[in-house]
Amino acid sequence: MHLEAIAEKCTGCRICENFCSVKHEGAIWPERARIRILAETDSGPFTPNVCRQCEDAACAAACPVEAITKDQATGAWVVNDDECIGCESCVEACPYHAIFFDAESGKAFKCDLCGGEPECVAICPFGAVQKVP
Amino acid sequence: MSKQTVAWIDLSTKKVSLQPPDPSLTTAFLGGRGLGAALLFRHIANPNDPFAPENPLIFAVGPFTGTPWPTGARYHVTFHSPLTGIYGYANGSGFFGPALRRAGYQALVITGRAERPVYLEVTPEGIAIRPAEHLWGLGTVATHEALETNGARVACIGPAGERGVRIAAIINDRGRAAARCGGGAVMGSKNLKAIQVRGRSEESLPFPFLEQARRAFAKVRDHPNVVGLRDWGTVVLVKPKNRVGDLPARNHQLGQVPWAERVDAQAIARYTYQTKGCFSCPIRCSRLTRIENGPYAGELEGPEYETTDALGPMCWISDPEVIIHANRMCNDFGLDTISTGVVIAFAMECHERGLLHSDDLSLEWGDANAVLGLIERIARREGLGDLLSEGIRRAAERIGGNAPHYAMHVKGMELPRQEPRIAKGFGLGHATSNRGADHLYALPTIDLAGNLEAARHFFPAELVPQLMETDNEAYKPDLVVFTEHYCAVSDALGICKFSTAETYALYPEDLASGLSALWKREISSAELLKAGERIVNLERLYNVRLGLSRADDRLPTRFLTEPLEIYAFTRDEVTGGVYTSPEPLHVGRLHDFEAMLDRYYSLRGWDKNGIPTPETVRRLGLEPWISSL
């Protein structure tokens, strides 16, 4: 499973960023959202940027401690916090800028598909993010 | 310092005792190789019999192993070598060492002999001795399959180690090896099939150390000297070494092959499906290769440069599929690929000279069946393999006649894949190494790699021009003395020399600031290098105690008596034929090996016989260690 963004439907309301961060961090905190809205100007056009959950994931291949592994149930590449050494190799490797670094905890974080029920898909009022099996 | 423990495991009595590390040892010898040397020096019980149950087999990690420090992946195994009969160790990478550190252990000291085959289950809660009869006889791949459960990391031996083959390796994480000196045979003699490590402790590392580690990580990752290793793996060396005559072939009769492009980095890349790195490594020099079909179909982590030359050009094998398959067989049997390739090349030359003959194998140069057949016979100790499984020195003695002249070894250990008549620093390093011929004991690459920046940083300006001339022997001893210290520090800290003495992406200053942050006290780079010197000297004293001296710091006679002609090869673009230049470009020879040795000893503060003087021993604080001498 992975997420697909339909840019034409995105209005740039960023409600997905808010709900994503609440789901993962317990607070409205767009800097910690796993989904990010890219805006060419303040008034658009907008593109939701999501992790593609690549078949051949560059982040996992770049990880020097094998901390990014595929969750077989959801198909999501997941960062194991206990293993992550915070080297940011994955952040450099990802061609889509879809994995991030938290300087406070010293760990990388990324979209984990919310265990199979992505919050962004559930909340987007315009269906701009969709689940692809 | 950390809360790691040292586990003393007696397989005879099945007693395990956990003790805190000795801080005086850690201060003087850092960890890893230094700690192993100190523990072996103190606890060796029977140096006359390397397989005596009371002798220790020591697995140790360094202070950087298992931390985010770049390349902090290595573990060290120290033992009395059954191959050389002297001080021995092997060093391995991958993920096993970090798992051991994160389970809370600084070292495992294993003594005794189990009545029946066993394996060790190592967790943060303790160490259990488990029956391994069901694993005995299995190859290393099958052993990993059986024990790699719930994220466990495994180091084990194969059939070669079980049978006491003196060139047997310890294999970990499926495709990595702590290969040299015959540690696999020592493990086998203890009836210890494998070590399984699981779990992690909640060790919190100081924040300033993590900062330093992140900085060092980026430095190594972005350093220009690691690019070739990352893009092509160590086989990137094949082509340039072939050009200068440093690609030993036909048991060092030649320093080049006219068909290097068949086994070079591009050839191996055709089989590569993924690159791989060890724990916390930004270099990622390892290749995963796959042969899709044919007689050699299968997968492998490898081959790297040393293996490629030992099982390839040395035996005149030009088919990369044979090299990959031979590498895989060695790994599964648990054999040292360098020693195996060199001992097979030796057998082939003995056959060429009419000294050796086999009923069922041709022993002709380049015969794949002979190479693959011998690997299996060595591992199983069958027929001719039984002779070769004793290592090259014993085999040459038994064959007799002129055979010792063709035996490429120092102190009984098979020579790694450099050509001493071309790579002069490596030649000296092979000879002086305290574990026998070893490219990683000194790793003097500065001149060969043209690393002027490092040369200027570490040596007085007036030495640099001659030091950088590869054929000039004048200051090679200076180079070797320095790099031996730097390599000892790398091994003791538990990191890879590809970040230090190979590429100089990190200088001793970087390591010193990292260790200072980790141990929360100021350690200078000079102190660090002095610890390296202390380790080298303690290792030397171990061998001096056994009666070794200058007479053992010897290169094989071939390098001292036969010149090596180096040619240029031109490829005809139309016909594809390769033409050899009519005249040699260069003739490689050792000009004055004794002079190199003299200077090396005097720089070290050793006497003419290669024995540390009392002043040297005192300067390094090693007096308490020599009361036993």
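Chain naming here is simple, since letters A, B, ... match the order of the sequence lines and numbering starts at 1 in each.
Atom CG of B/Asp173 sits about 8.0 Å away from atom CD of A/Glu66, to the nearest 0.5 Å. With values rounded to the nearest 0.5 angstrom, A/Glu83 atom CD is found 5.0 Å from B/Arg102 atom CZ. Distance CD1/A/Ile85 to CG/B/Leu210: 9.5 Å, rounded to 0.5 Å.
Formation of a donor-acceptor pair under 3.5 Å by the B/Arg214 side chain with backbone atoms of A/Cys87 is not found in this model.
At a heavy-atom cut-off of under 4.5 Å, chain B is reached by A/Phe101 from residues 98-126 of chain A, listed in order of number.
Heavy atoms closer than 4.5 Å to chain A are found in both the backbone and the side chain of B/Phe279. In this structure, chain B has heavy atoms under 4.5 Å from both the backbone and the side chain of A/Glu88. With a threshold of 4.5 angstrom between heavy atoms, A/Ala67 does not approach chain B through any atom at all.
Of all the heavy atoms in B/Arg284 and A/Cys63, the pair that sits closest is NH1-O, 3.4 Å. Between B/Cys281 and A/Pro64, the shortest heavy-atom distance links the atoms N-CB, 3.3 Å.
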